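Structure first, then comments.
Whatever order the structure lists them in is the order used to number ligands and atoms, beginning at 1. Model, not experiment: these values are computed from the prediction. Atoms considered below: every heavy atom in the structure, side chains included; atoms not considered: hydrogens, waters and symmetry mates.
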Amino acid sequence: MKLPFLLLPLGLALAIPADAQKKTSSLPEFQIKKSETEAHIRFLAGDELMGRRTGEQGNFVAARYIAEQFRKLGVVPVPGNTETGTSSYFQRVPFEKMGASGPGEIAADAEIMKSGTDWLLMAGDAVDLKAPLVYASFGLENAAKSWDDYKGLDVKGKIVLVESGTPETQTPSEIIATSTEKRKIAQEKGAIAVIELFNAPIPWNTVSKFFAGEKISLAEGTATKSIPHAWVNGKEAKFARALRAVKEVTFKTSGRVAKPIYSYNVAGYIPGTDTKLKEEYILLSAHYDHVGVGKQGGQTYTPEDSIFNGARDNAFGVTALLTAAEALAKNPPKRSIVIVALTGEEVGLLGSKYYAAHPIMPLNKCIFNMNSDGAGYNDTTIVSVMGLDRTGARAEIEAACKAFGLGVYADPSPEQGLFDRSDNVSFAKEGVPAPTFTPGFKEFNGDIMKNYHQVTDHPETVDFNYLLKFSQAYTYATRLIADRKTAPQWSAGDKYEPAAKKLYGK
Ligand SMILES: [Zn+2]
């Protein structure tokens with residue numbers, strides 16, 4: 001899909017008077033050196049950081065680097081962030097890491113089904129069971145829909161066989177959404193294992209590839225030990241037939257154990273200069289985690305190059321964040337600035353989800369989120385902005401980019417739904433106008449895919465002149481928005497506008 005290139009309004013350069021222009025270029029973001037931005041990206045995307053995977057050593061080293069940069073630059077911990085007892089740059093984010101689905105076997109009479117190929121263990125410890133099998137339809141209870149699949153069944157000490165999805169739908173998302181609930185219900189009823197016949201209209205290979213590996217999720221609340229839960233390939237008619245026919249099965253698995261891990265969001269604060277406006281703040285965000293090494297990356301790698309460096313995704317955005325930290329700390333704008341380097345983006349936008357649920361400063365004082373994230377770029381004459389025309393700050397973003405010789409391109413590749421695929425959405429859902437400032441591209445084509453989540457996303461191949469300009473434009477745009485008289489607003493009718501009304505109470 002192509003969009004017409006959005007030309008800058010001609011009047012824009014004339015809109016800033018000459019004396020203001022002179023003053024403008026003395027701002028700290030205009031003095032940043034290329035070597036500073038290059039140093040940030042070379043460190044963060046260096047091989048030594050091993051792809052910065054959430055909860056692993058390289059991820060911690062990146063977090064430490066960002067925190068110590070804040071300290072050096074005069075960015076202070078966010079007031080009130082005392083989770084570790086004293087004021088701190090770190091917000092600890094609790095995760096649960098589920099190991100890969102291990103070997104195992106389910107036998108229904110002569111039909112032997114192997115874990116990994118014929119079924120996947122979704123949860124549960126190691127077991128070696130031989131027990132009665134009870135068919136419980138979809139395994140759901142919902143009074144409103146008069147589903148009562150356990151009516152008249154005694155499943156205590158038995159294994160439960162259920163269909164995937166609901167009586168109404170077999171879409172993959174519905175199957176996934178209801179699967180955990182089925183396990184919970186079975187467990188409450190005293191069952192010792194669940195076998196689910198997985199029947200989504202997607203190839204079993206795809207399901208298997210996606211769900212067999214390590215999974216990281218947010219760990220909120222107390223985790224209870226789970227009974228073993230298998231997804232059997234229900235498309236294989238002989239498996240479904242065998243399981244439906246037998247009265248007893250054997251179920252052996254080496255288990256899939258969830259263990260608690262953690263990582264950090266790194267947060268800093270720059271108080272604003274205006275006595276009144278300083279009560280409000282702009283939230284700057286960029287994720288610093290990436291996908292890791294070797295098979296963690298989910299893409300091709302070689303023994304010579306197995307590290308997913310994530311230079312473009314997203315050491316690039318973190319460099320912009322650190323540039324903003326430096327320039328805005330030296331010469332603060334009217335409103336305050338909260339800067340958060342986020343973890344856990346690659347495993348499901350989890351760091352930002354956690355932050356949005358546990359903001360260090362109240363979100364209703366946050367007038368704008370300027371997120372930076374990117375898959376890559378193929379046009380160094382522009383910055384691409386997801387949500388540019390929805391979030392009410394086009395004029396400032398355009399003026400800032402123009403000051404560094406860059407154009408602005410709004411919402412490239414709408415078919416990719418990029419607005420809802422980065423951390424900005426965690427804040428947008430709460431109502432905060434939240435665009436994502438992205439390295440330049442107009443289409444999500446080969447040039448982007450060449451590096452996106454690939455081992456080739458090295459810092460050495462980054463255009464450092466562009467990195468500097470991008471980081472400066474990000475910083476200057478933030479300043480212009482932070483100095484505005486009024487807060488930016490969602491476009492009328494935007495899907496996040498109701499959330500904004502709720503958040504800001506107007
Ligand atoms: Zn990213």
Side-chain angles (χ1 to χ4, degrees), residues 37 40-41 43-46 49-56 58-59 62-63 65-66 93 95 216 218 263-266 283-293 296-299 307-324 339-356 369-378 383-387 411-413 416-428 434-441 444 447-459 461-462 466-467 470-471 474:
T37 48
H40 291 318
I41 202 169
F43 184 90
L44 291 165
L49 271 70
M50 303 291 277
R52 308 187 300 277
R53 187 173 179 81
T54 296
E56 299 198 359
N59 180 255
Y65 178 80
I66 296 160
V93 185
F95 294 100
I216 295 177
L218 280 177
S263 176
Y264 297 104
N265 290 326
V266 189
L283 178 67
L284 300 184
S285 61
H287 76 87
Y288 71 88
D289 69 298
H290 195 52
V291 296
V293 182
Q296 290 177 328
Q299 300 292 337
I307 298 168
F308 292 81
N309 300 74
R312 291 159 182 79
D313 186 7
N314 183 34
F316 208 98
V318 176
T319 298
L321 205 66
L322 291 172
T323 301
I339 309 175
V340 186
L342 297 159
T343 193
E345 192 269 355
E346 302 288 5
V347 289
L349 316 181
L350 299 183
S352 58
K353 264 183 202 159
Y354 186 84
Y355 188 90
N369 166 232
M370 182 87 129
N371 185 51
S372 182
D373 190 8
Y377 57 86
N378 53 27
V383 168
S384 299
V385 180
M386 314 307 157
D411 295 289
S413 292
Q416 292 272 344
L418 296 170
F419 185 90
D420 289 339
R421 279 174 54 186
S422 184
D423 291 308
N424 61 311
V425 73
S426 298
F427 305 112
T436 292
F437 201 83
T438 298
F441 72 102
F444 214 79
D447 285 345
I448 302 279
M449 296 314 287
K450 198 170 74 191
N451 286 308
Y452 177 61
H453 282 213
Q454 301 297 330
V455 292
T456 53
D457 187 8
H458 292 140
T461 57
V462 164
Y466 180 59
L467 175 66
F470 177 88
S471 301
Y474 176 81

Flag the pair Tyr452 / Arg312 as yes when at least one side-chain heavy-atom distance between them is below 4.5 Å, and no otherwise.
no
Apply salt bridge (charged side-chain N to carboxylate O under 4.0 Å, His left out) to Asp313 and list each qualifying residue two or more places apart in sequence or on a separate chain.
none
For the Zn ion (ligand 1), the closest N/O/S atom belonging to His287
NE2
Can you tell me the N, O or S atom of Asp313 that's nearest the Zn ion (ligand 1)?
OD1
Under 2.8 Å: N/O/S of His290 next to the Zn ion (ligand 1):
no
Between the Zn ion (ligand 1) and Asp373, which N, O or S atom of the residue is the nearest one?
OD1
Atom pair OH/OG1 of Tyr355 and Thr343 - distance to nearest 0.5 Å
15.0 Å
Val293: what forms a side chain to side chain contact (heavy atoms under 4.5 Å, CB included) with it, not counting sequence neighbours?
Met50, Gln296, Ser306, Ile307
